[in-house]
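Every chain is numbered from 1 and lettered A, B, ... according to where its sequence line falls, protein lines coming before strand lines.
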Amino acid sequence: MEITEIFKYLYEQLAASGLPQVWVDIVALACAGVIVFGFLAVVALFLVWWERKVSAHIQQRFGPMRTGWHGWRQTIADAIKLLQKEDIIPTLADRPVFFWAPVIAFVAAFMAYITIPFGDGLIVADLNIGILFIVAITSFTVISLLMAGWGSNNKYALLGGMRSAAQVVSYEVPMVVAICSIVLFAGSLSMVDIVQSQAMIYQWYLFRLPFGPIAFIIYIIAGTAETNRTPFDLPEAEQELVAGFNIEYSGMKFAMFFLAEFINMFTVSAIGTTLFLGGWQGPFLPSWMWFLGKTLFLVFVLMWFRWTYPRLRVDQLMEFSWKFLLPISFANLILAGLMKYSGWFNW
Amino acid sequence: MGVIKKLPVYLEKIPGGNIVTTTLDYVFSQSRASSLWYLLFGTACCAIELMATGASRYDFDRLGMIFRASPRQSDLIIAAGTITKKMAPRLKLLYDQMAEPRYVIAMGGCTVSGGPFYYDSYAVEKGIDHIVPVDVYIPGCPPRPESLLEGCLTLQKRVKRMKIRDWS
Amino acid sequence: MKKLVDAIRNLVVGLFTTGKHLGRHAVTLQYPTQKWEMPERSRGIVVLLSDKESGELNCTVCMLCMRACPTGAITIEFEKDEKGKRILKDFIVDNGICCFCGLCEEACNFAAIKMAGKYEFSTEDRETLIWHQDRLQEIGRGVPYEKPVRKKPAAKPAAEPPNAGDGPAAAESAQPEVTAVANPPGDAVITKPGQPAESRPAPEPPARPDENPIEGDDGKSAEDQK
Amino acid sequence: MSEAQGLHTKEFTLNVGPHHPSTHGVCRFVLQMEGEVITSVTPVIGYLHRALEKICENRTYEQIIPITDRFEYCTAMSCNMGFSLATEKLAGLEVPERAEYLRVIMLELNRIASHLIWFGTTSLDLGAITPFLYGFREREDILDMFEMTCGQRLTFNYIRPGGVSKDIPKAFIPVCKKFLDAFSAKVDDYERVLTENPIFIARNKDVGILKPETAIAYSVSGPSLRASGVKYDLRRDDPYSIYDRFDFEIPTRENGDCYDRYIVRIREMRESAKIVRQAIEQIPEGPIRSKVKMNFKPPAGEVYCRVENSRGEMGFYIQSVGEKMPLRVKMRGGSYNQLQVMPVLCVGHKIADLVAIMASMDIIMPDVDR
Amino acid sequence: MERNQLVSYIKNKFQDTVTLLESGKGESFFQIKPEDLLVFSRAIRDDERLGMDWLSCISGVDTGERFEVVYSVASVVNRIRFNYKLVLDYDKAEIESVQKIWPGANWHERELWELYGINVNNHGNLTRFLLPDNWDQGHPLRKDWDAPDFKRMPEK
């Protein structure tokens with residue numbers, strides 16, 4: 001049972017309804033956008049609840065229990081409560097910057113899903129520069145962090161904003177180099193082609209020794225840094241900067257930042273599965289279930305990091321990225337290049 | 001937020017209006033009660049009991065209460081520990097920074113009426129109800145984690161009684 | 001290079017240490033549904049005890065607990081009747097000021113006041129925390145206590161360590177001394193009615209100390225027991 | 001104004017306010033910062049000054065014990081012990097054997113509980129949230145034992161001048177043995193999560209180095225002093241109570257940075273567990289409190305008595321004029337001098353290090369403000 | 001070094017400036033005159049037999065008719081401890097700061113000034129730090145201190 005037939009059937013109905021072709025495409029893409037947005041909103045709410053349960057059980061306690069069975073309605077309750085909170089804008093804040101920061105964070109988090117294949121054929125727009133587009137969009141969130149830091153006219157927020165800008169930029173580079181070594185092998189930038197090049201399990205890029213695992217580890221480390229999660233959660237380090245850049249945000253604005261962070265986490269894992277764990281390839285289950293399973297496993301790994309490791313200091317963070325991660329990723333790229341053109345390994 | 005407050009007035013005029021308001025009341029008050037984010041604010045011995053309540057055995061997270069570091073995002077202050085005369089303006093400052101539907105739990109004897117430092121102490125505020133409006137008082141010095149949880153349940157019942165009409 | 005290897009090794013070991021807690025059962029006591037059986041001596045809230053049969057208070061208005069209280073939480077109002085005997089008008093305990101130290105319980109020789117193991121008294125306004133005599137008595141109704149057997153003052157334990165540097169005798173004459181308390185091994189064991197069922201949810205958590213039958217309270221009444 | 005790269009940068013003051021997640025209790029630092037680097041720290045205290053000493057001047061000796069409970073609430077037993085020891089020296093009271101053993105058991109259990117609070121808050125301040133909850137899980141078992149004996153979890157009012165207030169129930173020793181057996185495995189768990197963790201080492205190694213001379217000059221005591229290589233522990237050098245009957249070592253380390261203070265405290269937890277185990281085996285039968293009248297009046301005189309608690313030396317100075325209330329009680333907490341040394345340690349470090357140093361020195365505010 | 005050895009050593013080293021108050025209970029107490037506080041403190045710190053390099057605490061006492069300042073010192077190297085005190089009249093309440101000898105005395109002396117009003121010369125930073133900034137009701141730990149909202153425990 002593949003969901004794509006339903007979409008094909010709907011598309012034919014739409015095309016048969018006599019609208020001009022331009023309008024048909026607009027409506028189809030709009031519906032696809034709405035469906036992806038709805039799916040991701042549900043996934044974000046699920047992830048928030050799942051993080052609290054995983055963290056609870058790692059610490060030998062029960063997470064939310066009193067709102068529904070095992071507290072499944074907890075995140076909905078949080079969202080509705082945040083909806084009705086008073087929306088405070090600090091007096092001396094830079095109003096437009098303060099207002100637009102969460103909007104940009106929210107929009108940037110969603111735009112990355114245009115070229116992510118949720119399943120066989122389940123992709124909004126299969127651009128042939130898929131991965132390049134995603135990398136460009138994810139670095140868009142830095143702007144929102146800087147705006148939030150500057151807009152809230154608070155020393156802590158400013159420090160948090162600066163730190164997060166430095167961190168995301170400096171971890172962007174090793175991540176891109178790791179992705180290059182994969183794209184080098186897959187031979188194309190389009191996500192669908194990358195997934196198709198990992199048809200069988202031994203063809204997953206994770207198992208392409210020796211450069212696959214190294215690229216995967218570099219990608220995961222850079223991914224955690226990208227989404228500001230421990231051990232790199234400097235920007236909203238509770239202990240040092242009280243709440244980092246989102247110190248002045250309350251109510252819906254804070255909810256937007258909160259959801260954007262979880263959607264970023266889902267994005268990083270989704271890209272990780274498409275690049276390294278063979279996207280939707282899987283023997284029996286429908287393709288989108290494989291994709292979802294692998295992504296949730298990677299999300300679990302990210303959560304696991306958060307509840308185990310202490311936090312790095314800012315200069316150690318920079319040093320780790322520029323002096324350690326980057327050289328290794330370059331060496332890895334050269335290694336991948338040698339392997340590619342020595343011709344031994346192209347299964 | 002403002003528009004929601006004026007909602008019951010408009011809904012009265014529509015025939016089935018009050019059914020909508022009651023369901024809205026129910027949804028809002030339930031969600032507000034079951035996700036009280038408390039501010040990480042503790043001064044003396046009650047702060048240790050607050051941490052113990054947040055730990056594994058008496059889990060605060062079970063009631064949907066996670067600690068937030070910034071007053072902007074929290075909607076409940078658990079005043080845990082002695083509030084001295086030097087600390088009182090700070091507590092007032094924190095309370096003012098919180099977003100509107102906000103509550104205060106006075107945990108422990110010192111916040112109810114000065115506790116063991118009521119007599120003979122020149123530096124302790126005799127209770128905090130003249131600094132911030134207090135919703136629930138919890139006796140004890142320090143109160144057991146269970147009595148703190150029971151106090152939070154009392155606060156949740158009080159929040160569930162709140163209607164949209166009397167939102168401040 | 002070696003430093004790098006054991007750094008990675010330890011990062012993985014750290015992961016597995018937290019990971020293995022995922023499988024373990026939680027130690028949480030889900031408060032509203034499961035309540036912990038309080039140990040016998042747990043100092044919860046001050047209550048007035050009353051005689052089981054006659055139902056009136058044990059208190060003889062000797063004002064010792066009021067003097068012993070370090071924070072001045074107990075105030076007693078009484079009036080004298082014709083024989084000069086004090087009649088209790090009102091017994092006020094302000095739970096906002098009380099510091100739950102248990103000194104009043106130790107000062108009282110008539111087992112009239114005790115720290116019951118109850119703790120669920122959060123209120124929404126402050127006045128209800130100031131308890132008067134009727135509330136104290138009603139809460140203290142079900143609290144078990146040992147009636148102190150009146151001991152003839154002559155039979156003081158012989159082996160009394162000399163209390164060097166004892167100040168002049170205390171002003172109050174009715175002031176019995178807290179004598180050396182021998183912990184009589186294996187004396188008359190008063191078992192509590194029915195062993196409290198293990199109410200803890202988790203099989204693995206530390207064995208909840210079942211209430212211990214030996215009259216666990218202070219040396220005072222143990223000495224009277226002898 | 002550093003004109004190094006031709007940039008015109010200005011120092012800015014940052015106010016790590018009394019309400020801040022990492023200042024244990026309520027302490028405020030006014031930092032002069034250049035970018036992330038701290039150039040000067042001025043601690044502002046007094047937010048928890050509850051005038052304990054003024055209260056003690058109007059209370060009898062029996063009533064002061066609950067007040068000392070609130071002097072340092074993480075190790076309330078050692079406050080009771082300090083005050084009772086001072087009163088016993090003042091009035092010449094002897095303490096029965098069994099009471100001495102009960103005191104040592106309770107003191108060492110309280111030291112473990114206090115070190116577990118420190119372990120939790122240190123890992124919380126460095127970002128690892130899970131060890132905080134593991135530490136508090138063990139601490140709950142110890143608090144159950146305290147509740148079994150004296151009825152309260154944090155403010156015990158248990159050790160009195162002349163002995164202890166209540167005898168331990170029969171169920172205490174089996175529960176204590178069960179806890180001690182499981183405890184060393186749990187501490188190995190903590191070590192596995194944090195001790196060799198490269199991030200933890202990177203955050204703590206060579207951060208806030210306290211040289212032995214500065215430590216002694218600023219009267220730092222306790223694990224922070226022993227981490228700088230000075231082997232000074234009151235339980236061994238001025239053996240009050242019956243500490244000379246137990247064999248336990250005093251862990252010390254050399255270069256006095258945050259990491260060494262962490263190692264010293266973790267080892268101290270194991271030593272305290274060893275002491276409790278020996279004390280449980282050797283505990284004799286007998287009376288638990290010597291004869292003390294209700295409003296007992298010690299003779300005129302003054303005494304200063306020191307007790308080793310988890311934050312260093314805790315001193316009680318009592319001057320009495322033969323009344324039932326002391327003329328003056330001065331309480332000296334361990335963190336008082338450690339907070340004075342903080343500005344010396346933090347200059348040149350970053351904010352994140354200020355948090356790490358504050359957590360490693362285990363400073364809590366009731367000591368400082370009284 | 002035993003207590004009586006310590007007492008005799010100090011007595012013959014500082015015959016006139018030191019009078020022994022009591023040494024029966026716990027640590028021994030000496031009394032010195034306020035003017036030779038600095039000389040005495042520096043001497044006991046630099047003396048190699050004593051080596052009192054660790055100032056435990058400085059306690060102020062208001063005995064109703066005079067002030068007393070008690071210094072408790074200890075030696076980490078030789079493991080010995082003792083205390084010495086100065087007596088000050090109400091009107092002449094001022095002492096020298098011992099910060100040069102023991103830097104740890106900074107806050108103790110500040111506390112003396114704030115709670116008792118004993119002036120500490122060339123201390124450097126004698127400002128208010130325990131009481132609220134807008135505190136204007138004098139020095140609270142004095143026996144004769146009172147304030148409008150200061151409730152004393154009712155005599156029972």
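Going from atom CE of B:Met51 over to atom CG of D:Leu124 covers 8.5 Å, rounded to the nearest 0.5 Å. Considering SG of B:Cys45 and CZ of D:Phe71, their distance stands at 12.5 Å, rounded to 0.5 Å. Expressed to the nearest 0.5 Å, how far CZ of D:Arg50 lies from OG of B:Ser121 amounts to 9.5 Å. The CG atom of B:Asp120 sits 11.5 Å away from atom CG of D:Leu52, with the distance rounded to the nearest 0.5 Å. Here D:Arg28 contributes atom CZ and B:Met87 contributes atom CE; the two are 10.5 Å apart, rounded to the nearest 0.5 Å.
D:Glu147 touches chain B through its side chain: at least one heavy atom from C-beta onward sits under 4.5 Å away, while N, CA, C and O do not. No part of D:Leu116 comes within reach of chain B, as not one of its non-hydrogen atoms sits under 4.5 angstrom from that chain. With a 4.5 Å cut-off on non-hydrogen atoms, D:Tyr134 does not touch chain B at all.
Nearest heavy atom pair, residue D:Gly46 against residue B:Thr84, reads O-OG1, 4.2 Å. Heavy atoms only, all atoms of each residue included: D:Gln152 and B:Cys141 are closest at NE2-O, 4.3 Å. Residues B:Ala55 and D:Leu133 come closest through the heavy atom pair CA-CD2, 3.2 Å. Of all heavy-atom pairs spanning D:Arg59 and B:Pro116, the tightest one is NH2-O, 4.1 Å. The two residues B:Ile48 and D:Phe136 have their closest heavy-atom pair at O-CE2, 4.4 Å.
Using a 4.5 Å heavy-atom threshold, the side chains of D:His49 and B:Tyr122 count as touching. Proximity of B:Tyr119 to D:Ile55: side-chain heavy atoms (C-beta onward) are nowhere separated by under 4.5 Å. The closest side-chain heavy-atom distance from D:Tyr47 to B:Thr43 is not below 4.5 Å.
Among B:Pro145, B:Gly81, B:Ala47, the residue with the largest count of heavy-atom pairs under 4.5 Å with chain D is B:Pro145.
The existence of a salt bridge linking D:Asp369 and B:Lys86 is excluded, since no basic side-chain nitrogen approaches an acidic carboxylate oxygen closer than 4.0 Å.
No donor-acceptor distance shorter than 3.5 angstrom exists from the side chain of D:Arg153 to the backbone of B:Glu49, with no hydrogens or angles considered.
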